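First comes the structure, then the notes that go with it.
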Amino acid sequence: MAVELCLLLLLFCGSTISEVQPIYKPPPGTLDFGFVPSKTYDTGAYHEPGSIGILFKIVHAFLYLVQPNSFPQDLIRKVAQQQLGKTQGDYQKPENVVLTLQAIYYEIGFIVSAALGLLFILLLPLVGLCFCMCRCCDNCGGEMHQRQKKNADCQRSCFATFLFVASLIISVGVLCAYAANQHLTNQVRGAKKLVNSNFKDLKIFLNDTPAQIDYLVSQYNTAKDKALSDLNNVGPVLGTRVQEQLGKEVRPALDAALTMAGAIRETKEALENVSVSVEVLQEGTERLHANLTDVKTHLSNTLNDSACNAAQAASTCNIIRNSLSQLNINANFSGLPGVSSQLAKVNDVLKIDLSSLVQKGYAAFNDTPDLVVNQTRNILSAVPYIKSVLESIGSNITTFTKALPVQKILDDLMVYLTQSEAYVQDYFPLVEQYDFYRWLGCLILCCMVVLILVFYYLGLLCGTCGYDKHASPTTRGCISNTGGNFLMAGVGFSFLFSWVLMTVVVLTFVTGGNVEKLVCEPFEDKNLFKVLDTPYLLNQQWKNYLAGILFKNPNVNLTFEKVYSDCKENKGIYTSLHLEYLFNINEFLNISMYTEDVALKIEHIQINLSKIILLDEIGKENLLNFSSSGIDGIDFSAYLTEINKSVTKVDLLSFANDLEARADQLPKGALENALKGHANSIRMIHNQQVVPLEQAMSTLNQSIRLLKKTSSELMVKVKNVISAVNAAQFLINNNASQVIVQETKKYMDTIVGYFEQYTEWVKESIAMEVAACKPIANVIDTAVDIFLCSYITDSVNTFWFGLGGSSMFLIPAIIFAVKLSKYYRRMDTEDVYDDVETIPMKTTENGNNGYHKEHLYGIHNPVFTSSVEQW
């Protein structure tokens, strides 16, 4: 009931969860709701055993050898569902017999081990009793006589060594048992801090939850304030959105028109360049032709000089004379058509500033937000109503919060938790007291073993130190004899205590081993939860037991494993326990009802954008006039043909250099000087006339190619620009209302999206942050994993492991101690020999079948001395 009350306080958090599922959900501006206030839980549900953990691992390995089978989930389910023992004869049913055999097979390791322990408990005291009776009859080593053997020293050393090794092993075992006993006591004494930490976390869990809920409720104002801010700026916000949507069509059309206006200006400049360049080229080529003709005439006269008739100059002069025909112009620009008519038409087109008209269209379109602002002033009158709607939602949340008995539930839970803590605090001294009794009892058991070890160690010490190999068995010293007595005392106490020790070992072994295998290991790998989650196991009428307890609906898929895992991950308890099945949160608040009302108010917006004129008829007529300017009728091929030619047939610089080189071949004189003068004249003509003509041809080439590119399908281009402008204008005049409706709906969805963000944030916060149930998982881990398994079970298992090992090695210790005591104790009789060959001799005067009783005659010499005296 306490758990249910603890969970109930979270149900109203989901009152903000709406079922609104809009057809279109744009990504609204992200709202920052901050972080849900939370505190860090102190409890670390993890136990590190320290150095004794090595012993724990050894015990776990031993238990695996005893019980290597995996956790029997199916067997436990079947046994639990059969409910054996309810009626007489249940165990005789075939299916129950099979289950019993399966259980025996699973527990066979524990059964065999426990059976051996019971045999030890029963037989060792019985063997001890028989052994004592046998020794009282001077048998089983009870006869105070020791026969002499050649290997007596070797046997004594071996028995002493074996006893010492056995005693060491027993010592290790009793140390392990003592360490486990002390570890459990230390953990119990320190458990109070861990218990207090768990109670502290549970109090934090209860105290923080109301603050977290209040924070969730208060963050509704963040969404509300953002929505009201957008509503107060509905004109600019909606106008910008409408402009962006229409701009996808309008801006490319205006950009194309503006590009065409630039093309008109470029066309005018190109036509002007063509007209000027052609005039320059025509005049330049005429002047060049005249100058080249003069040069040829002068050269021809020079070559007709008598000096060229000389044998050394004749061939050179003939070569120069034959090359004079190359001094002539190559390109003829006089026949190119003019472009004055096209230029005149383009100038007429430019009388209207098309760029200015397009800029007016841009300005008109950019005024769209202002138009929307002016035409949406009526929506501002609805803002107070919308604000009242949003305020009512917040009021409903607050009213619902106050309607729930949260504080009463918290107070009840806090009282229950305080009482539980007081109960634990009151009874913890009693637990410590009982643990002291347990510690004392285990210490007594360890002391029993220690007492036996003391006798064995004292026996070995006294026997080894007091042994005199030259003394006969009847003349052994007091220390040696005391050592033998200590060994026999140890044997006696071994028979007395061993069955008590083994009884404790068997009981703790069966209990602790099964707890480890059936509780601790399956709890660690969560197989234990899978068994608890078996349908109809804990209640034959319920499929899911936990859901049946919490929701009275066992068909809800709520399992122990899922709840524990979610709480282990520190998820919210609302999600961990699926409280949505217990409380229908949407009944308390339905945001869709309010958002529909808000949407109706916003959808009544009416906006008219027909005042926007992108390009008037004058601008369109101007574009058409440009397309009919005639630039596409220019004979571009004629121009390009002449432009691609060189100005002269030969490169004048090369000709001049060649002429000068041939003049150098002539004899020194007037002819040579005259030819070099003509070469310099040719160079001057190239620099002063050919170079400017080449520059004018380059300008003409660029302009002609630009005009050719512009005129290519000019009419189609202009019509496409006009069509794009008309389509954009049509969109504004006729389809803008549809765009406005779409953008208005998106705007409305944005407003609603703020509240959907809020509800989604609340869902996420409830799922992961509000009332994070890590303390519940920590309580389970503390109770099972730490207290039961780590503190108690591991310590108990290590205790019986050490004590059991010590008890088992008492058997060889008893044997070796009995054997060894014979070599340390003083004997009543000893063997008498006839010579040093160790041949026995019958001494009739003593009447004891060859045995010599030294205590009757006061003989203190070795046996060999008595034999020599008889001789």
Side-chain angles (χ1 to χ4, degrees), residues 49-62 116-117 120-121 124 128 156-186 438-467 479 482-506 508-509 512 794-821 823-824:
S51 57
I52 200 173
I54 299 175
L55 295 178
F56 292 166
K57 292 180 180 179
I58 295 174
V59 175
H60 292 165
F62 177 77
L116 293 176
F120 185 97
I121 295 170
L124 201 60
R156 176 181 53 79
S157 299
C158 289
F159 290 147
T161 301
F162 292 151
L163 178 59
F164 181 72
V165 172
S167 299
L168 284 179
I169 295 175
I170 295 172
S171 300
V172 172
V174 76
L175 287 176
C176 291
Y178 177 79
N181 183 41
Q182 191 63 39
H183 177 265
L184 179 55
T185 297
N186 294 337
R438 178 207 56 77
W439 175 83
L440 188 59
C442 294
L443 184 63
I444 292 173
L445 294 175
C446 294
C447 289
M448 291 181 181
V449 181
V450 171
L451 180 62
I452 296 172
L453 288 173
V454 168
F455 284 126
Y456 284 158
Y457 284 129
L458 288 176
L460 288 171
L461 180 62
C462 294
T464 303
C465 295
Y467 181 77
I479 296 177
T482 302
N485 292 333
F486 276 136
L487 293 178
M488 291 309 298
V491 171
F493 282 111
S494 297
F495 283 118
L496 288 176
F497 297 154
S498 58
W499 68 275
V500 178
L501 299 175
M502 187 54 68
T503 301
V504 175
V505 168
V506 170
T508 53
F509 165 73
D794 283 345
S795 298
V796 170
N797 287 340
T798 305
F799 180 79
W800 63 250
F801 181 77
L803 196 63
S806 300
S807 301
M808 292 302 297
F809 275 91
L810 286 178
I811 296 177
I814 291 173
I815 297 173
F816 297 138
V818 171
K819 292 287 188 180
L820 184 61
S821 65
Y823 292 92
Y824 292 156

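All of these numbers come straight from a predicted model, not from anything done at the bench.
Checking each of Val450, Leu803, Leu440 against Leu445 for a side-chain contact (heavy atoms from CB on, under 4.5 Å) leaves exactly one that passes, namely Leu803.
Nearest approach of Leu820 to Ala160, heavy atoms of both residues: CD2-CA, 3.6 Å. Looking at every heavy atom in both residues, Pro49 comes nearest to Gly53 through CG-CA, 3.7 Å. Here the closest heavy-atom approach between residue Cys176 and residue Gly802 is recorded as CB-CA, 4.1 Å. Between Val818 and Met488, the closest heavy-atom pair is CA-SD, 4.2 Å. Heavy atoms only, all atoms of each residue included: Phe816 and Phe159 are closest at CB-O, 4.0 Å. In this structure, Cys462 and Gly483 approach most closely via the heavy-atom pair CB-CA, 3.6 Å.
In this structure the side chain of Asn797 never reaches within 4.5 angstrom of the side chain of Phe801, judged on heavy atoms. Side-chain atoms of Ile58 and Phe62, non-hydrogen and from C-beta on, never get closer than 4.5 Å to each other. Proximity of Leu163 to Leu487: side-chain heavy atoms (C-beta onward) are separated by under 4.5 Å at one or more points.
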Pair Leu461, Phe486 - check side chain to side chain contact (heavy atoms under 4.5 Å, CB included), show working. CA-CA 10 Å; Leu461 180 62; Phe486 276 136; over 6 Å; no

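Here CG of Leu175 is found 10.5 Å from CG of Leu168. Values are rounded to the nearest 0.5 Å. Note that CD of Gln182 is 10.5 Å distant from SG of Cys446, once rounded to the nearest 0.5 Å. Between atom CG of residue Leu184 and atom SG of residue Cys442 there is a gap of 8.0 Å, rounded to the nearest 0.5 Å. The OG1 atom of Thr464 sits 12.0 Å away from the CD1 atom of Ile479 when rounded to the nearest 0.5 Å. Taken from CG in Asp794 to CZ in Phe56, the straight-line distance is 5.0 Å, to the nearest 0.5 Å. Separating the CE atom in Met448 from the CG atom in Leu453 is a distance of 13.5 Å, to the nearest 0.5 Å.
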What donor-acceptor contacts under 3.5 angstrom involve side-chain atoms of residues 489-504, with partners at least two apart or in another chain?
unit_1, atom_1, unit_2, atom_2, d
Ser494, OG, Tyr456, OH, 3.1
Ser494, OG, Gly490, O, 2.7
Ser498, OG, Ser494, O, 2.9
Trp499, NE1, Leu496, O, 2.9
Thr503, OG1, Trp499, O, 2.6

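Evaluation of the side chain to side chain donor-acceptor pair (under 3.5 Å) rule for Tyr457 yields Ser171 as partners, not counting sequence neighbours.
Listed for the Thr508 side chain is a donor-acceptor partner under 3.5 Å among the backbone atoms of Val505. Judged by distance alone, the side chain of Ser806 and the main-chain N or O of Ile170 form a donor-acceptor pair under 3.5 Å.
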